[in-house]
Amino acid sequence: MCRIGAIKSFDPIPPKKALTLMLPQQEGHDNSGFAMVMQDLDGAFAHYKNNPLLSLACTAKGVQLVNEYMEHKGFLQLAQWVPDVVKDTRLNIRAMPRYVFRTYEYPEIYQYRSQQEREELLLDTRLELRDLLAREQNGYVYSFWPDVLTLKEIGDPADIATYFRLWDDDSRLLARNIVVQCRQNTNYAIVRYAAHPFFLQGYTLCANGENTFFTRNMEFQKSLHRGYIGFESDSETFLYSLHYVLRELKWPIRYFKHVVTPLPFEEIRERDDSGVLTLIRESLAHLEINGPNAIIAMLPDSTMLSLCDAKKLRPCVIGKDGSMVAIASEVCGLQALLPDRDTEKDIYVQEREVVTIDNRLEVQRWKQ
């Protein structure tokens, strides 16, 4: 099993907090990888909230290709964070030669374009950069979005943290929201794109488990949106379904649960909203998921949510103190991060609910 986690905090926190949450869950790591998405940034990127931030790992040639592409498209670099890495051959990490975390100004012709047009530009730019770097295996681009930083790497999570100096209280790398996973996608080939969390246009998702309806989901999603690509992990389909239901269809959060784990027809018939739920199940049947899984997701407005499969075969627990809420696969992670919390208020996500956490750290439970 994988191990997943997330932290939402009133105050900006370093990645060290996420590592504190995850490393006690060591049994599920298998030393294959570490990845995180940070949102609502502070530190080095505190003054660039509205500027897109590019996160990628690449070769030296990859940097040159990206520089030339961004200049040609009219993006102007504003700021960057360059990791001061620890180059120690004893570390278990498949490090890339270069890591790029840069904020840009939009091209001049987009200065007065709509928010929708800008967001489509950022998606197309990321897809084009991904294709450009893949041609000769020159790197990986993970996200290109305002106020979001993504880091993914293959190896031992503790060694990866050492390599990037994530144990340090570096005031340059801070965020109020962090979604993290400490394992690579070991059911398939180990590639960086397969590492959770996945990101698309402000939506972040990681999962613990598997999806036996992967092929059905994938074939349907390929026809829905140009951004639904890759499919290096069966869990990536969860992100695309979330994006499609909330962004493309603009449905409320509670309907996402009805799409991915719909109620049986006999239960639907007994409800007042049976007409709506029947139409959802009939029209989006190919987005239903199956198998043991638990999901943690983050929305563009930084709302976090968690849900489980209909059989509840993968656990997820939520704990809270005065300034922080955390989600983890195991209670030991919460105990390490939030030792003084009221454990009687811990929430174990149930199979028929969606739990959301807003920016006031208020927790709501939506029963399916």
Side-chain angles (χ1 to χ4, degrees), residues 6 14-15 18 33-46 48-60 62-67 69-70 73 75 77-85 93-106 118-119 121-134 138-154 160-161 163-166 170 172-181 184 191-206 227 229-230 232 236 239 298 300 302:
F34 171 85
M36 66 177 178
V37 172
M38 305 178 71
Q39 186 166 311
D40 193 355
L41 301 169
D42 207 275
F45 299 108
Y48 302 97
K49 293 286 186 180
N50 297 319
N51 298 100
L53 194 160
L54 179 64
S55 299
L56 60 88
C58 57
T59 63
V63 173
Q64 180 181 354
L65 290 171
V66 169
N67 290 345
Y69 175 92
M70 298 300 279
K73 292 294 183 178
F75 286 98
Q77 181 181 328
L78 298 176
Q80 70 175 347
W81 172 67
V82 179
D84 179 20
V85 299
I93 176 174
R94 300 186 195 175
M96 292 293 292
R98 300 286 294 276
Y99 297 89
V100 175
F101 303 96
R102 294 176 179 166
T103 55
Y104 287 88
E105 184 63 85
Y106 287 97
R118 289 186 175 194
E119 291 177 355
L121 168 69
L122 297 183
L123 172 60
D124 289 335
T125 301
R126 181 178 65 81
L127 295 177
E128 290 172 13
L129 284 174
R130 174 170 172 153
D131 179 68
L132 178 65
L133 295 176
N138 278 307
Y140 307 84
V141 54
Y142 303 123
S143 60
F144 186 40
W145 200 255
D147 213 18
V148 170
L149 184 148
T150 304
L151 187 152
K152 299 188 179 187
E153 200 44 81
I154 299 171
I160 293 171
Y163 183 80
F164 288 103
R165 300 185 189 272
L166 300 182
D170 189 340
R172 295 176 299 167
L173 192 59
L174 299 168
R176 292 176 179 82
N177 303 280
I178 305 178
V179 180
V180 63
Q181 182 172 19
Q184 247 284 352
V191 296
R192 287 169 175 81
Y193 281 133
H196 311 214
F198 307 110
F199 180 86
L200 177 64
Q201 286 193 310
Y203 294 84
T204 301
L205 184 143
C206 64
I229 64 169
E232 286 90 357
E236 197 166 10
L239 170 70
M298 181 166 56
S302 295

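In this text the structure is predicted, and so the values were computed from the model without any measurement. Along the sequence shown, residues are numbered consecutively beginning with 1.
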Could you report the tightest heavy-atom contact between [X] and [Y], atom names first, then the distance?
| X | Y | result |
| --- | --- | --- |
| V148 | S143 | CG1-OG, 4.1 Å |
| Q39 | A175 | O-CB, 3.6 Å |
| A57 | M96 | CB-CG, 3.8 Å |

Is any side-chain heavy atom of [X] less than 4.5 Å from a side-chain heavy atom of [Y]?
| X | Y | answer |
| --- | --- | --- |
| R176 | S302 | no |
| W145 | L200 | no |
| Y69 | T125 | yes |
| C206 | F198 | no |
| P146 | L122 | yes |
| L149 | L173 | yes |

Steps toward ring-ring contact (aromatic ring centres under 6.0 Å, His included) verdict (Y99, F164) | CA-CA 10 Å; Y99 297 89; F164 288 103; 4.9 Å; yes
For V100 and V66, what are the C-alpha separation, side-chain angles and deciding distance, and is it a side-chain contact (heavy atoms from CB on, under 4.5 Å)?
-> CA-CA 10 Å; V100 175; V66 169; 5.7 Å; no
Find the distance between [atom1] ([X]) and [atom2] ([Y]) and round it off to the nearest 0.5 Å.
| X | Y | atom1 | atom2 | value |
| --- | --- | --- | --- | --- |
| N138 | L129 | CG | CG | 12.0 Å |
| Q80 | L53 | CD | CG | 10.5 Å |
| Y104 | L78 | OH | CG | 9.5 Å |
| Y142 | T150 | OH | OG1 | 9.5 Å |
| L127 | L132 | CG | CG | 12.5 Å |
| D40 | M38 | CG | CE | 10.5 Å |

The residue among F101, F199, Y106, F75 that forms ring pair (Phe, Tyr, Trp, His ring centres under 6.0 Å) with F144 is F75
Whether the side chain of [X] engages the backbone of [Y] through a donor-acceptor N/O pair (distance < 3.5 Å, no angle test) should be reported.
| X | Y | result |
| --- | --- | --- |
| K152 | P197 | yes |
| D147 | L41 | yes |
| R165 | D84 | yes |
| Y48 | E105 | no |
| T103 | A79 | yes |
| Q77 | R102 | no |

Would you call R130 and E232 a salt bridge, using N to O less than 4.0 angstrom?
-> yes
For atom CZ of R98, decide whether the heavy atoms of other residues, nucleotides or ligands shown that lie under 6.0 angstrom number more than 12.
-> no
Over 12 foreign heavy atoms within 6.0 Å of CG, N67 | yes
Sequence neighbours excluded, which residues qualify as side chain to side chain donor-acceptor pair (under 3.5 Å) partners of R94?
-> none
For Y163, side chain to side chain donor-acceptor pair (under 3.5 Å) partners two or more places apart = none
